[in-house]
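Single-structure report; data block below.
Because only heavy atoms are used, hydrogens play no part in the values below, and waters and symmetry mates are left out as well, while side chains stay in.
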Amino acid sequence: MLNNIAKTKTTRPTKNDSNVFESINPYTEKVLETYPYDSFANLVEKMQIADSAFKDWSQVELEDRLEPIKNFANILRKNKQKYSRYITMEMGKLYEQALQEVELCISICDYCVDKAPEFLADEEKDLDGGRALITYQPQGVILSIQPWNFPFYQAIRYLVPNIIAGNTTLLSHASSVWGSARIIESALRDAGLPEGVFQLIYPHSEDLEEIYACREIRGVTFTGSAETGAKIAETAAKNLKKTVLELGGNDAYIITESADIASAVKACVMGRLINNGQTCTAAKRFIVVDKVYREFRNQYVEMMKEVQMGDPMEKTTKLGPLVRRDQLEKLNNQVQESLDLGAKCLVGGHIAKRQGFFFEPTVLENLEAGMPAYDDELFGPVACLIRADDLDHAIDIANESQFGLGSGIFGSQDEVIEVAKRKIDAGMVNINGYAAAKPHLPFGGVKDSGYGREHARFGFHEFVNIKALQIFNN
């Protein structure tokens, strides 16, 4: 049964007059594909199908729920080059990084298939007069709202553990990557996943908000901005349903006196430019203690000057385009506002004068609170250098951010491991290097970067009913 909101609105026309979305290749600036939006009635129908499918899927034995995911992983292996090329065309990611993304998705499938029997196993507990069980049971339809920057990974990291756990799911992927979403849907269907267990929806934003208020939706997982995440959390809370939010990041990387500067520079440039700078956990703010600031800055600027922009399909290209023109313009506005407020540009600083949605590799310094480059998340190839008096001052600067997603620190392990563990206020910390997400490690943040965790056993347990059974002897 639908709640009253959905009952009264299934025939309502959308407030948005546009009925189609055009996907643009960010390198050629040409239309790639055109997609129709779902009507509200279509969304309700898909939700009902997912709710109905749950009744059967939740009763399938775990061993049998694993089979479609095994097949799905094999389809990804067989087609990874083709899928990677499509990712690059659709959102501009370097081809080699798109290939790494698909390979990460394969690893997620393999890991989850291997570990699910352990993570979802019943746990025996003592009980006076009998015994107790803790059991992990599926709950129903999980709605996922995902961004465009990792078209395959963002979807697969949530759907695989939830489907294995026995939930069904609806995916509202970013319209910029609806083509990638369709590939995933088709591959899951070919892998033998029953109808209704995974479905794509193509909603207008005003319709989506009312869908996740419906009681058929048992949980919502969202990756995106803190502002949108807060709205989703508010609506979900009013309807007493759980959310997992992976929101923005302004990741601080601290460079201490004991750091190997050459190694730190190399890792920090890579960490800033990965995915053309469009990563929530990209290295964004580089907080450098005074004694090594000049050395780090000079080497960092020189390396950024050498970065080659170009065709993301070419191996020699180190920086591709941003995903859309509006994202390019937003980044440019953030940079120009920071410069107007007194920031200094050491290299780059402008939209590139060429075909495609390119922003020049950029390094800013003389940053202060109140500047977008200091306070906000910059989604693009813009590095922000901040000088600190010493390590304690650097920690204070890192932690004063509203965000707390990823972070990093470079220096002697004897010194920095305890700092990372006890003093850096973030969900994840890289030490003496930069690395992206791993299937066996929890992923998530604190503060305005959200809450909840994905990957490892944590990703399996976010949307299951952790049920206690007390069994008494006769």
Side-chain angles (χ1 to χ4, degrees), residues 50 53-73 76 104-125 132-146 150 152-171 184 188 191-194 196-199 217-223 236 241-246 281 405 427-428 436-446 450-469:
F54 171 73
K55 295 174 177 63
D56 293 327
W57 183 244
S58 61
Q59 299 306 306
V60 172
E61 293 297 326
L62 173 60
E63 182 178 347
D64 295 324
R65 295 200 301 262
L66 295 175
E67 286 304 311
I69 302 303
K70 293 178 185 178
N71 296 338
F72 178 58
L76 293 178
L104 174 58
C105 293
I106 295 168
S107 297
I108 291 170
C109 294
D110 291 344
Y111 177 84
C112 290
V113 166
D114 180 55
K115 292 295 186 179
E118 173 188 343
F119 294 156
L120 296 173
D122 293 344
E123 298 177 27
E124 292 270 0
K125 298 294 180 181
L133 281 179
I134 298 173
T135 184
Y136 300 94
Q137 297 300 316
Q139 294 197 77
V141 183
I142 307 302
L143 170 64
S144 183
I145 307 167
Q146 296 296 335
F150 288 87
F152 273 55
Y153 166 69
Q154 297 284 11
I156 288 169
R157 79 177 183 195
Y158 97 87
L159 72 85
V160 167
N162 275 293
I163 287 173
I164 289 175
N167 293 317
T168 58
T169 181
L170 299 175
L171 171 60
I184 294 169
L188 285 168
L193 194 69
V197 176
F198 173 83
Q199 293 177 90
I217 303 298
R218 295 295 297 270
V220 182
T221 176
F222 170 77
T223 301
K241 63 189 66 180
K242 186 174 184 179
T243 53
V244 169
L245 304 179
E246 194 271 279
T281 56
L405 189 56
M428 301 167 282
K438 305 293 182 185
H440 66 294
L441 298 176
F443 185 98
V446 296
Y451 51 75
R453 292 295 182 267
E454 296 178 295
H455 291 318
R457 69 178 183 275
F458 309 97
F460 277 93
H461 292 170
E462 287 287 5
F463 292 110
V464 293
N465 177 11
I466 304 174
K467 185 185 296 186
L469 306 182

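We find the CZ-CG distance between Phe119 and Asp114 to be 8.5 Å, quoted to the nearest 0.5 Å. Atom CG of Leu193 is separated from atom CD1 of Ile69 by 6.5 Å, given to the nearest 0.5 angstrom. Within the model, atoms CD1 of Ile466 and CD of Glu123 stand 9.0 Å from one another, a figure rounded to the nearest 0.5 Å. Taken from CD in Gln59 to CZ in Phe54, the straight-line distance is 7.5 Å, to the nearest 0.5 Å. For the atom pair OH of Tyr111 and NE2 of His440, the computed distance is 7.5 Å after rounding to the nearest 0.5 Å. Leu188 contributes atom CG, which lies 12.0 Å from atom CD of Gln199 (distance to the nearest 0.5 angstrom).
Side-chain contact between Thr221 and Glu454: present, with at least one pair of heavy atoms (C-beta onward) separated by less than 4.5 Å. Annotation: side chain of Arg453 is in contact with side chain of Glu462 (closest heavy-atom distance under 4.5 Å). Contact of the Gln139 side chain with the Asn167 side chain is registered, since non-hydrogen atoms from C-beta on lie closer than 4.5 Å. Contact annotation: the side chain of Phe198 approaches that of Leu159 to within less than 4.5 Å [non-hydrogen atoms, C-beta and beyond]. Residues Phe72 and Ile184 have side chains in contact (heavy-atom distance under 4.5 Å, counting atoms from C-beta outward). Considering only heavy atoms from C-beta on, His455 stays 4.5 Å or farther from Lys438 through its side chain. Between Tyr158 and Thr169 the shortest side-chain heavy-atom distance falls below 4.5 Å. Here the side chains of Phe463 and Arg218 are not in contact, with every heavy-atom distance at 4.5 Å or above.
Although no hydrogens or angles enter the test, the distance criterion places a donor-acceptor pair under 3.5 Å between the side chain of Trp57 and the main chain of Ile163. Of the possible donor and acceptor atoms, one in the side chain of Thr168 sits under 3.5 Å from a partner among the backbone N and O of Ala50. In this structure a side-chain-to-backbone donor-acceptor pair under 3.5 Å is present from Lys241 to Ile217.
In plain terms, the two heavy atoms of Arg65 and Ile164 that are nearest each other are NE-O, 2.6 Å. Shortest non-hydrogen contact noted between Pro442 and Ala456 is N-CB, 4.3 Å. Shortest non-hydrogen contact noted between Leu76 and Cys109 is CD1-SG, 4.4 Å. Shown here for Leu104 and Pro439, the closest heavy-atom pair between the two residues is CD1-CD, 3.9 Å. Pairing each heavy atom of Tyr153 with each of Ala437, the nearest pair is OH-CB, 3.1 Å. The shortest non-hydrogen separation linking Pro117 to Leu62 is CA-CD2, 3.8 Å.
Other residues, nucleotides and ligands contribute over 12 non-hydrogen atoms within 6.0 Å of the CD atom of Glu124.
With Phe222 as the partner, the side chain to side chain contact (heavy atoms under 4.5 Å, CB included) test is satisfied by one option alone out of Val244, Leu245, Thr243: Leu245.
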